[in-house]
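To find a chain, count down the sequence lines: A is the first, B the second, and so on, and within it residues start at 1.
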There are 2 protein chains.
Amino acid sequence: MSKVGIKDIAARANVSTATVSYVLNGTRNVKPATKERVLRVIEELNFKPNAIAQSLKNRRTDTIGVIAEDVTVFNVPEIIDGINDYADRHDLHILLTNLRLDKRIGRGFDRVESYRKHMENAVAELQGKQVEGIVYIGVHPRDLTGMIDTHGKPIVYTYCYTQDDISIQYDDEQASYDAMAYLVKQGHSKIAIISGTMDSLPSRMRFNGFYKAVTEFSLPFNPDWIKMGDWETESGFRLAQELLSLPEPPTAILAMNDVMAAGVLRAASEAGVAVPGELSVIGFDNREFSGYLTPRMTTLELPLHEMGYRAMDSLMKAIRGEEVDRNQSPACKLILRDSVAPPPGD
Amino acid sequence: MSKVGIKDIAARANVSTATVSYVLNGTRNVKPATKERVLRVIEELNFKPNAIAQSLKNRRTDTIGVIAEDVTVFNVPEIIDGINDYADRHDLHILLTNLRLDKRIGRGFDRVESYRKHMENAVAELQGKQVEGIVYIGVHPRDLTGMIDTHGKPIVYTYCYTQDDISIQYDDEQASYDAMAYLVKQGHSKIAIISGTMDSLPSRMRFNGFYKAVTEFSLPFNPDWIKMGDWETESGFRLAQELLSLPEPPTAILAMNDVMAAGVLRAASEAGVAVPGELSVIGFDNREFSGYLTPRMTTLELPLHEMGYRAMDSLMKAIRGEEVDRNQSPACKLILRDSVAPPPGD
DNA sequence: AATATATATCTAAACGATTAAATTATTTTG
DNA sequence: CAAAATAATTTAATCGTTTAGATATATATT
């Protein structure tokens, strides 16, 4: 089953390889009869042009490299789906590199060198494969801007902010502001927040959104209502307990992710505080489980598909040398479910 | 910034391209001094060999194609992670095709033709790109075996059973048998099952495992304890209500996925039936949320990473023409949490 | 020192397509 | 109907590597 090539077609159809190429690409006129004959032979031998050879000659691979820190992180597949959606519509191929960072080097920046090594290696491999550009999906680069040298190959970062490169990240600040505005509209004013770790930029930006709403709506600002969590469900549980046992407890809690919000729900349940009757809760991420919780949880949905899609769009523009909007921030969407109601006695 | 090639290196190092190639690949002896010189120039110009050209000459791309029906389906990323793990260790690249079937053609087989078209198209593209083999991730092929002609290109199916091809799917029957054995060991004998839709092969196999345990452990067989669900949480909720209001209710329920099991938990909670005190529940899939439910749910973890890894291993064997175990079934693992206890009064 | 042997390097032909430029076939035109 | 114009096809170089086989250079052997 030695592969059939353009030469075989040419021979069997009694034409030159050039002619075959012309019928394949329609780059020149070829007599209908000849075309017919060539096409028939192509069909007969089930000929598919060798894209590798084409790429070599055309110096275009129509392939873009995607580097993901870890594809098993909950929001990554949806971003990849967006990337794929774009790729599909534009006849592009995706060469996927999964750094598997979490599995390899643990969390945090204690192994920056290791991260850099893996990253540089991944970029080099993709360069070798002649990808036309790279989409990066992950959180690390935001604190390490300039660390990665792609040697002029266009790259778009997504799911993180960068200063000097093109990046697409949803609007954290606006999102938490929107959540706050919704709570205020429901009549709340005593609103607590449970943040993620403050070394995280999204955490700080979400806090900005919270604070912006506090000032803009002239809400009472009580330091006891500001709690710092660590993204894990236990911290949501524990901090909610603290909030609920305050002399003046809040009537609503905004948690910076659904995982912590789930902890809040459990704390409320154990304390006999009805959600949403006595306490409203809003999460962040619209994780699948948030719809299975009791009550079904109101939360912020991230525009993941759009991020992937836009990342590709920006990348292709950059490749073509067009001007690109460097820091796009598609909006999150508040998903209204059953964990928010007006405050008691409202 | 015109790409630097082996010719540039050769010129600048005063050697022929052949010599450069030899130092690059170590395929022939080259004088240490020359080698040194060439290497320095390579470093200087940051030369990376063009893998496309190499592939053309060597007739090897070291690339395998992965076709996923939908990367956003919960268990797919973990399989991809396994594939990637293998690829990493063996210096292979992954060309990812996401059919996005669910998004495009809806569920079910009402659009078989459309599925086939997409699939054939995907295979053709990958053929063109000269992948050395294909891993398929999805459920569709099992009922359509033989429908896809890869023209001799090795393919391994995963996450589904096939008859005529190499496939890797976890052992559904053994898994539900294991869950049953565990319940029996805890002292249960009145065990109900909530299945998925019965047009699904995994559903039927899980039922086989259940039934095998019933006979092997001589459990009472009560037709009322056999319920057919539709994989969705509402059906778990509703069927659990029916089970709990039976004159002789079961002391344990095995649900064929975590989503339905979550519904069972909710039904128990609403009916004031304590889990695990009065009712034990086991789910299937070890979805992330199953750890956030109250009580944390005992469930079966699927060997997804291993499936991906093994799929690659089998594929590479097939590519090399070695003998391959055609239908591997790695085992699921029972994750013990808090939703199972001995039956009341035991 | 002349020859044989081993080592290092180079020349040039691939790999499978595309595409200018050249050639050949066909049609138009006066 | 021959010349000119146009259309169809072919020739051969090219993309950036690898690699037989040829050649040059160094080392060993007598």
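- With T158(A) contributing its side chain and I168(A) its backbone, the two residues share a donor-acceptor pair below 3.5 Å.
- Minimum interatomic distance between F47(A) and V4(A) (heavy atoms only, all atoms of both residues): CD1-O, 3.4 Å.
- Axis orientation changes by 50° from one end of the helix from dA1(C)-dT30(D) to dG30(C)-dC1(D) to the other, with each end axis drawn from 5 pairs and the value rounded to 10°.
- Defined by atom type and a distance below 3.5 Å, a donor-acceptor pair is present between the side-chain atoms of T63(B) and K129(A).
- One finds no side-chain N or O of N29(B) lying less than 4.0 angstrom from the OP1 or OP2 phosphate oxygen of dT7(C).
- DNA chain C is contacted by N14(B), V15(B), S16(B), A18(B), T19(B) of residues 7-20 of chain B, taking any non-hydrogen atom closer than 4.0 Å.
- Using a distance-only test at 3.5 Å, with no hydrogens or angles considered, no donor-acceptor pair links the side chain of Q169(B) to the main chain of S329(B).
- Between the C1' atom of dT19(C) and the CG atom of N25(A) lies a distance of 10 Å, rounded to the nearest Å.
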### Query
What string of B, S and - do you get for nucleotides 21-29 of chain C 5' to 3' if you count protein non-hydrogen atoms under 4.0 Å?
BB-------
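- Nearer to the 5' terminus of DNA chain C, by closest-nucleotide assignment, is the contact made by V30(B) (compared with the other of V30(B) and S21(A)).
- DNA chain D is contacted by A53(B), Q54(B), K57(B), N58(B) of residues 53-62 of chain B, taking any non-hydrogen atom closer than 4.0 Å.
- Close approach of DNA chain D to chain B, defined as any atom under 4.0 Å from a non-hydrogen atom of the protein, starts and stops at dC15(D) to dA22(D).
- Checking N327(A) against S167(A) by side-chain atom types alone, a donor-acceptor pair falls below 3.5 Å.
- The stretch residues 37-46 of chain A does not touch DNA chain D, since none of its heavy atoms comes less than 4.0 Å from the strand.
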